Amino acid sequence: MAHPLLQKMRRFVDFINSGDETIGQQVVSKSAVFHVPFSDTPLKGLSGYMQILGMMRSAYPDIQWTLDDTVIEDDRVAAQFTLRGTHEGEFFGVPASGKKVQARAMNIYRFTDGMIVEETGLPDLFGMMLQIGAVSPPVAH
């Protein structure tokens, strides 16, 4: 029998891969806060998460997340994801390159009553920027 929070995390992945707000309402608390690497102010609630998804989908319309691993303790879940998509829109000022990307994300979630109330997201933005040609790889000497 899967841990109840693992079942919630799988439902959350269904939500982020589909962008379906009705699924989001089943797993994201109205009071949730989302700590993101591109803003010092957390985004709030389902509408805040929809902003994150909108930003990712505008750059990578076909983006999909795979939940690779979880560590669950009490009300917290540490999750490792792989995300894959095609760079078809502007991403942090970088115009569409048409390149396929694959990157990791390590996120920490806190749940209350089976709902996500907090996420600290750490996607490998550097790896994504490297893959779309926004930064140059280091040169070995």
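Remember, it's a predicted structure, so these values are computed and weren't measured experimentally. Nothing fancy with the numbering, it's 1 onward along the sequence.
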Least distance between heavy atoms, Gly121 atom then Asn107 atom: CA-OD1, 3.2 Å
Interatomic spacing from CG in Leu6 to OG1 in Thr70 - rounded to 0.5 Å: 5.0 Å
For the student: nearest non-hydrogen atoms of Val94 and Ala134, plus distance: CG2-CB, 3.4 Å
Listed partners of Asp68 passing side-chain contact (heavy atoms from CB on, under 4.5 Å), at least two apart: Thr66, Gln80, Thr82, Arg104
Tyr49 side chain reached by Ile16 side chain, heavy atoms, under 4.5 Å: yes
Any donor-acceptor pair under 3.5 Å from Arg57 side chain to Ile63 backbone: yes
Shared hydrophobic cluster for Met128 and Phe126 (ILVMFWY, side-chain gaps under 4.5 Å): yes
Main-chain N/O of Ala59 paired with Glu88 side-chain donor or acceptor, under 3.5 Å: no
Taking every non-hydrogen atom, the tightest pair across Ala96 and Gly89: CB-N, 3.6 Å
Asp113, CG: over 12 other non-hydrogen atoms inside 6.0 angstrom: no
Ser58 side chain vs Met55 backbone, donor-acceptor pair below 3.5 Å: yes
hydrophobic_cluster_shared for Val28 and Ile23, side chain cutoff 4.5 Å: yes
Rounded distance (nearest 0.5 Å) linking atom CG of Leu43 with atom CD1 of Ile52: 5.0 Å
Spatial distance of atom CE (Met9) from atom CG (Asp14) [nearest 0.5 Å]: 11.0 Å
Check against side-chain contact (heavy atoms from CB on, under 4.5 Å), Gln64 and Leu83: CA-CA 6 Å; Gln64 292 288 289; Leu83 47 109; over 6 Å; no
Under 3.5 Å donor-acceptor, Glu90 side chain and Pro95 backbone: no
Distance-minimising heavy-atom pair for Val13 and Trp65: CG1-O, 3.6 Å
Residues Val101, Ile132; criterion side-chain contact (heavy atoms from CB on, under 4.5 Å); working and verdict: CA-CA 7 Å; Val101 299; Ile132 62 175; 3.6 Å; yes
Value rounded to 0.5 Å, distance of CD1 in Ile116 from CZ in Phe34: 6.0 Å
Heavy-atom closest pair, residues Lys8 and Phe111: CB-CE2, 3.7 Å
Any Arg84 side-chain heavy atom under 4.5 Å of Lys100 side chain: no
Listed partners of Tyr60 passing ring pair (Phe, Tyr, Trp, His ring centres under 6.0 Å), at least two apart: His87, Phe91
Side chain Asp20, main chain Thr22, donor-acceptor under 3.5 Å: yes
Straight-line distance of Gln131 CD to Gln102 CD, nearest 0.5 Å: 7.5 Å
Cluster link Leu53 to Phe38, ILVMFWY, side chain under 4.5 Å: yes
Hydrophobic cluster identity match, Tyr109 and Met115, side-chain contacts under 4.5 Å: no
Glu21 vs Met50 side-chain heavy atoms within contact, under 4.5 Å: yes
Side-chain (Asp124) to main-chain (Ala103) donor-acceptor, under 3.5 angstrom: no
Main-chain N/O of Lys44 paired to Lys30 side chain as donor or acceptor, under 3.5 Å: no
Check: Phe81 ring centroid to Phe12 ring centroid under 6.0 Å: no
Same cluster (ILVMFWY, side-chain, under 4.5 Å), Ile108 and Leu5: no
Short side-chain to backbone donor-acceptor contact, Ser29 and Ser31, under 3.5 Å: yes
